[in-house]
*Asks:* 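I'd like to ask some things about the structure below.
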Amino acid sequence: MFYWLQKNLPKIVIAPSFAVILWFVYGFILWTIYISFTNSKMLPRYDFVGLKQHIRLWSQWRWYNAVENLLIFTVLFIAICIIIGIFLSILLDQKIRAEGFLRTVYLYPMALSFIVTGTAWKWILNPTMGIQKLVRDWGFTDFTFDWLVNRDMSIYTIVIAAVWQSSGFVMALFLAGLRSIDDEIIKAAKIDGASLYSIYITIILPMLRPVFMSAIVILLHISIKSYDLVIALTAGGPGTSSDMPAVYMTQMAFHRSEIALASASAVMMFLTILAIVVPYLYSELRRQDANR
Amino acid sequence: MYKQVLKISAGFILAAGISASPAFAGGEAEVLHWWTSGGEAKALKVLKDDFAKNGGTWKDMPVAGGGGDAAMVTLKARIVSGDPPTAAQIKGPTIQEYDDEGVVGPYNIHSVATAENWDALLSPQVANHMKCDGFTKYCAAPVNIHRIDWFWANKKVLDANGLKMPTSWPEFNAAATKLKAAGIIPFAHGGQPWQDATVFEAVAIGIGGNDFYRKAIMELDLDALGGSTMVKVFDQMRILQGFTDEGMPGRDWNVATGMVMNGKAAFQIMGDWAKGEFANAGLKPGIDYYCLPTPSNHGYLYNVDSFIFYSMKGENKIEGQKLLASLMMGKNFQKVFNLYKGSIPARLDVPMDEFDMCAKGSAADLNYAAMTGGLLPSFAHGMALKLAQKGAIQDVVTEHFNSKMSSKEAASRLVRAVKDTL
């Protein structure tokens, strides 16, 4: 009896949370998928109407607009975050003084919620009281920086705020990666006469491949579910120019009584994540198997 | 000992007798609302006190957060789980949408409404908004009427530039051009979708007329939505956009009102809740600021706040619903509430002596518009259309107002967007 308990205790302890997650995460994913095939308006209904809502979704310019914005945002957000993150982490890795302090400075934006970040940047970028006004008051009266209120540029203000928030985190990831690399490798390369630049480009960064992967996956899901930052910074505006799928989904579900349509858009977001995460997990797991 | 028992039991009987004397004894109400700030909270307290005075138990369920978005989520969750609140702040066609979902019948408050003869106390159009089951049975109670198509203007700014309140849109455009040249922001506006839609509907009844509004927005006639009149409405929207300032996108409505108050800007189009901002700053209508309807042929865009009463389990709660409905329609509550809220009573027989000139004007215009067919439900505030169609129109309006889209393109997009939701 005691032996049995000892053997199975972990399973027993894990079982309740496993059951809860099974139901409240995976069960509700299935429920959402089913709702997206119904005619639900204000409250959920269970009448099956096939692909109607998905066809409606993909015939709306507002949805295309949201998807396009998501693509712009995701690509820029991930790329800039990683570039800045690597650059900062390499600088910090040069055994400088007060590193702990500087690390905290860069990491600190991560401690703020996206709502705070969004509100702060809304004021900074507002042309009538932020950067534009400041520079104009200095005497450069022609200076214009109106991205926040310019519909062609508003999506980039979201990129700016998101990068400001997350690049410190990426820096921390890469710093940890750099620390795990053996100094001997760098010393050996230096003896062979390699420049510092080529050491980093050809040796160290390729060795950080797992860090790249985890950074991308973490940033990717932040970007696909980005909602609070958009709401706080631009609320999807001007017009609908900085709309995103998550904003679209919330509006349809809770403001427009279009639960089925909202579910269809949620399914699309889910599939996007799936399309990226599954191949990644697959390749990672296969590599683990190969290493065994 | 025996005497003491007698005393206590007598006390009980007496107490029961007293509390049973009002018509709806011991009712219980849980009211979901989002009136949590300033004047609105004060206004609602009137109802709470009334309810308690009549022996009811009030369970407040305020859900804070802009215009009830958070409240909607809470409400739907409660309904789906089979435990709706006694009353909820729901208005417009959404009332009938809930009825279609089958969560309102058997219309608990209808008996109160017939007993108090609400049909005679409300204008027929307002009464219709409150009825379910094919507009036959009362299922909601109105508390106020807000007018949407107001021009709020800074009198000192207009006087200084030798201008009067415009009575037509070309007159407004001329006045605004002059103000712009004088370095004043002619049109204070907050670029949020609902504010864009608010301006749009005022322009639609002004440029297009009452019948056009009825056909295009209320009946969703596709020819009217994409026709030449609609193009003209969008043209005027484009002109208005030229009168706004750079900080417009995303600005809150009360910030825009503040710009009118301190003379940075001249005009704002906003519902009569804007009056509260002027009143808080100690400004007087007619002396410091103007409150006049936007130019139209005696059109009147209304927004009626109301509470819906869902189907309930438990006699106690049904009694609570009945008491609440009766109090909401009570003369005293309708007067005091609207004095705080800035709107006018939904009930027609409330004396208007204590109200200010804006509210008096609104009440007079309402009666005239009701007779001449200009009394129209506001689409921007969810009175004219189901939420899906309202949202579709609002998307196009805000997209047009915040871009360089041509008026023709906007009109044809409007047709496409509305078609998709039908």
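In what follows, chains carry the letters A, B, and so on, assigned in the order in which the sequence lines appear, proteins first and then strands, with residues in each chain numbered from 1.
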*Asks:* For residues I269(B) and A202(B), report the shortest heavy-atom separation together with the two atoms involved.
*Replies:* CG2-CB, 4.0 Å

*Asks:* Before giving the answer on side chain to side chain contact (heavy atoms under 4.5 Å, CB included), spell out for K137(B) and K131(B) the whole-Å C-alpha distance, their side-chain angles and the decisive distance to 0.1 Å.
*Replies:* CA-CA 5 Å; K137(B) 294 204 168 90; K131(B) 290 177 181 174; over 6 Å; no

*Asks:* Determine, stepwise, if the pair F28(A) / I33(A) fulfils side chain to side chain contact (heavy atoms under 4.5 Å, CB included).
*Replies:* CA-CA 8 Å; F28(A) 282 5; I33(A) 292 173; over 6 Å; no

*Asks:* How long is the gap from OG1 on T198(B) to NE2 on H381(B), to the nearest 0.5 Å?
*Replies:* 3.0 Å

*Asks:* For the interface with chain A, which of V396(B), T421(B), L387(B) has the highest count of heavy-atom pairs at distances below 4.5 Å?
*Replies:* L387(B)

*Asks:* Under a 4.5 Å heavy-atom cut-off, does chain B meet the side chain of T240(A), its backbone, both or neither?
*Replies:* both

*Asks:* Between D137(A) and K133(A), is the salt bridge (Lys or Arg N to Asp or Glu O under 4.0 Å) condition met? List the steps.
*Replies:* CA-CA 6 Å; D137(A) 287 351; K133(A) 184 168 187 305; 3.0 Å; yes

*Asks:* Okay, side chain of S257(A), backbone of A253(A): is any donor-acceptor separation there less than 3.5 Å?
*Replies:* no

*Asks:* With a 4.5 Å heavy-atom cut-off (strictly below), which parts of residues 247-255 of chain B touch chain A? List them by number.
*Replies:* G247(B), P249(B)

*Asks:* Within the side chain of E201(B), is there an N or O that forms a donor-acceptor pair under 3.5 Å with the backbone of A380(B)?
*Replies:* yes

*Asks:* Answer yes or no: are there more than 12 heavy-atom neighbours, outside W61(A) itself, under 6.0 Å from its atom CH2?
*Replies:* yes

*Asks:* Mind checking which of residues 35-60 of chain A sit less than 4.5 Å from chain B, heavy atom to heavy atom?
*Replies:* K41(A), M42(A), L43(A), P44(A), R45(A), R56(A), S59(A), Q60(A)

*Asks:* Does anything in residues 86-104 of chain B reach chain A? List residues with heavy atoms under 4.5 Å apart, or say none.
*Replies:* T94(B), E97(B), Y98(B), E101(B), V103(B)

*Asks:* Return the NZ to CD1 distance between K122(A) and I115(A), rounded to the nearest 0.5 Å.
*Replies:* 10.0 Å

*Asks:* So does K386(B) get a backbone contact from the side chain of R256(A), meaning a donor-acceptor N/O pair under 3.5 Å?
*Replies:* no

*Asks:* Could you state the interatomic distance from CZ (F187(B)) to OG1 (T244(B)), rounded to the nearest 0.5 Å?
*Replies:* 8.0 Å

*Asks:* Are side-chain N/O atoms of N402(B) and D196(B) paired as donor and acceptor at under 3.5 Å?
*Replies:* yes

*Asks:* Taking heavy atoms only and a threshold strictly under 4.5 Å, list by residue number the residues of residues 142-169 of chain A that touch chain B; give 'none' if the list is empty.
*Replies:* D146(A), V149(A), R151(A)

*Asks:* Check the side chains of D245(B) and H189(B) for a donor-acceptor pair under 3.5 angstrom, ignoring hydrogens and angles.
*Replies:* no

*Asks:* Would you say the rings of F234(B) and F401(B) are close, in the sense that their centroids are separated by under 6.0 Å?
*Replies:* no

*Asks:* With distance as the sole test, does T398(B) use its side chain to make a donor-acceptor pair with the main-chain N or O of D395(B) at under 3.5 Å?
*Replies:* no

*Asks:* Restricting to non-hydrogen atoms, name the atom on A388(B) and the atom on E258(A) that form the minimum distance, rounded to 0.1 Å.
*Replies:* CB-OE2, 3.1 Å

*Asks:* Could you tell me whether a side-chain N or O of S242(A) sits under 3.5 Å from a main-chain N or O of P238(A), the two making a donor and an acceptor?
*Replies:* no

